[in-house]
There are 2 protein chains.
Amino acid sequence: MPKMKKKTSKKALIQETAARLFRDKGYSATSMRDLAEAVDLKASSLYNHISSKEEILKNICFENAQRFLSGMEEVEQQSLSAPDQVRELLRLHITTAMEDATSVTAFNDEWRHLNEPDLSEFKALRRDYEQRFRKILEGGMQAGAFRRMDANVALYTIFSSVRWLYDWFQPGKALTAEQVEQEVVEFIMQGLKA
Amino acid sequence: MPKMKKKTSKKALIQETAARLFRDKGYSATSMRDLAEAVDLKASSLYNHISSKEEILKNICFENAQRFLSGMEEVEQQSLSAPDQVRELLRLHITTAMEDATSVTAFNDEWRHLNEPDLSEFKALRRDYEQRFRKILEGGMQAGAFRRMDANVALYTIFSSVRWLYDWFQPGKALTAEQVEQEVVEFIMQGLKA
DNA sequence: CGCATACGAATGAACGTTCGTTTGCAAATA
DNA sequence: TATTTGCAAACGAACGTTCATTCGTATGCG
C-alpha cells in the first residue's frame, strides 16, 4: 500500500516545488536538475515519481483550470445578481492568486509551453471559462447594473488586474490578504458600475 | 560609408524580430537558431551584428524602460492635476502596449532573465518609475480627487490592467485602438475616482 | 585604368555545456 | 522476498557561441 507516508506524497511535493520554480524562473528556464535539487534529489530520481517535465506542467495547468471552472460552476448555480457574481469570481481570482500564486501564472503565462494535444485542450477550457464570464458581464450591462462597455475589455482587464498579486503580495506585510481583497474588489467593481 | 542601404539596419531587424519571438515564446524558449531562421540567416551569422543573446534582451529592456521614464518626465513637467497625470500615463501604457507589444512584455516579464549587473540596474529604473507613479497617486488621494486606498494596490492594478492588450488587440478587429484606449482609461479612472 | 587591400556579411563545422531522459544496479522499505 | 526509491553514468539532442574561411564590394594607390 504505497498510499501515504507522511503528510503528502513525494510526487505532490515535486509538483508543488516545480510550480514554484516555474513561477519564479519560467518553465523553460527551470531545468530538471534545478527541480531535483530543490526537492533534495538527483535529476534521475525524479523519474521514479513523474514521467516527464511536461507532465508536471500539464498537471499544473489543468488542475488550476479545473479550479476556476469549478468556481464558475458554483457561481452560476447560485442565483445572484451580475455584480454579485462578478464579485464572487473576482474574490476567487484574488484569493487564489494570493494563496497559490502558481495558479495565476499557469493560467496566464506558462500554458503556452504545453505540447499539442494538451495545448488545444487547455485553450478550449480557457475559452469556455472566458465565455461564461463574458456572459455574466453582458447580462449585467443589459440589466443596467454595469456601464455599457466592450465586454472583452472588461473581461481581460479584470483577469489582468490580479496578475501582480502573485509576485507582490507577502502575507504579514503592510496589508492583510483580506484588505488586499477588499481594495481590489472595490476598485474593479467601481470601474464596472453604471 | 556603411550608413544606410535600405530602410533599417540589419541589427535593428534582428532586435525587432527577437523582441517578437521573446514575446511569443519567451526568452528562454527562443533559441538563436530560431531567431536566425526568422531573419533568414544562420545562427553564426547573427554574431556579425550582435554580440550575445543577452545583449538583445538588455537592449529591449532598457530601451523600453527609457520610453516609460521619458513619458513620466514629460507628465511631471506639465502642471496637471493628478487625475490628468494618471490619464496621460495610462494612455502611454495603453498605446505602447498596442503599437509595440514587446515593451510591456519586457517591462513586466522578460527582464528577470537579465544577468546580474544589468538585472540590478533595470530593477532600479523600474523602482524609480513606480515610485514616481505612486507619488502621483498619493497626491491625488490627498487632494481628494482619488478615493483613499492603498497606493500599491492602485499602482499595480493599473500596470497589470493593460497587460492583456499585447496578446489580444489586433488592429482592424472589432474595436479600434482609440476605442480600446478610451474604454480602458474610463474603466481605470472610474475605479480610482473618489 | 588595373590591381591590391580592407572589410562587412554569411557560412559550415565544431566547441564545451546543458538539456530531458534512460538504464542498470544498490539500498531501503514492506 | 518483492517493491519502491535513489543514484551514477550515460544517452542523443539542443543550446549559445567561436572560428576559419569565403564571397562580394568598395576603397587606396600605382
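Protein chains get the first letters and strands the later ones, always in sequence-line order, with residue 1 at the start of each. Not measured: the values here are computed from a predicted model.
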Fill in: Touch class at under 4.0 angstrom, heavy-atom based, for A:L46 against every strand present
nothing
Worksheet entry | B:L35 CG - D:dC15 P separation (whole Å) | 12 Å
Discussion item. Check this for me: does any side-chain nitrogen of one of A:R163 and A:D109 sit under 4.0 Å from a carboxylate oxygen of the other?
Written reply: yes
Response to the item:
Whole-Å distance, B:M32 CE to C:dG12 P, equals 16 Å
Worksheet item: Is any side-chain N or O of A:N48 under 3.5 Å from a base N or O of D:dG6, one able to act as donor and the other as acceptor?
Response: yes
Item to complete: Have a look at A:T30 and say if it touches a base, only the backbone sugar-phosphate, or nothing, with a 4.0 Å heavy-atom cut-off.
Response: sugar-phosphate
Show the distances under 3.5 angstrom between N or O atoms of the protein and N or O atoms of nucleotides 9-14 of chain D.
none

Worksheet item: Taking the six-membered ring where the residue is Trp, are the ring centres of A:F68 and A:H93 under 6.0 Å apart?
Response: yes
Discussion item. Assess, by modelled atom type and distance only, whether the side chains of B:Q179 and A:D150 contain a donor and an acceptor separated by less than 3.5 Å.
Written reply: no
Worksheet, complete the sentence: Closest to the side chain of B:K53, out of C:dG20, D:dT17, D:dG6, is D:dT17
Item to complete: For A:S45 and for B:S52, find the nucleotide of DNA chain D with the closest heavy atom, then tell me which residue's nucleotide is more 5'.
Response: A:S45
Worksheet item: What nucleotide among C:dG20, C:dT11, D:dA8 has an atom nearest to a side-chain atom of A:Y47?
Response: C:dG20
Worksheet item: Separation of A:L41 atom CG from D:dT5 atom P, in whole Å?
Response: 11 Å
Worksheet item: For C:dG8, does OP1 or OP2 lie under 4.0 Å from any side-chain N or O of B:H49?
Response: no
Discussion item. Between the side chains of A:D100 and A:R67, is the shortest nitrogen-to-carboxylate-oxygen separation below 4.0 Å, so that they form an ion pair?
Written reply: yes
Discussion item. Rounded to whole Å, how long is the line connecting atom CG of B:L13 with atom P of C:dG8?
Written reply: 19 Å
Practice prompt. Could you state the atom-to-atom distance from NZ of A:K25 to C1' of C:dC19 in whole Å?
Written response: 13 Å
Worksheet item: Are A:E186 and B:R147 close enough for a salt bridge, meaning some N to O gap below 4.0 Å?
Response: yes
Discussion item. Counting only side-chain nitrogens and oxygens, does A:K42 get under 4.0 Å of the OP1 or OP2 atom of D:dG6?
Written reply: no
Worksheet item: Would you say B:K10 reaches C:dA10's phosphate, i.e. side-chain N/O to OP1/OP2 under 4.0 Å?
Response: yes
Discussion item. Pair B:R126, B:E130 - check salt bridge (Lys or Arg N to Asp or Glu O under 4.0 Å), show working.
Written reply: CA-CA 6 Å; B:R126 203 175 192 282; B:E130 290 178 359; 2.5 Å; yes
Discussion item. Heavy-atom nearest nucleotide on DNA chain C for A:I50 versus B:A43: which residue maps closer to 5'?
Written reply: B:A43
Worksheet, complete the sentence: A:I14 CD1 to D:dT4 C1', in whole Å, measures 13 Å
Worksheet entry | A:E54 CD - C:dC19 P separation (whole Å) | 18 Å
Worksheet item: Does the side chain of B:L41 come within less than 4.5 Å of B:N48's, by heavy atoms?
Response: no
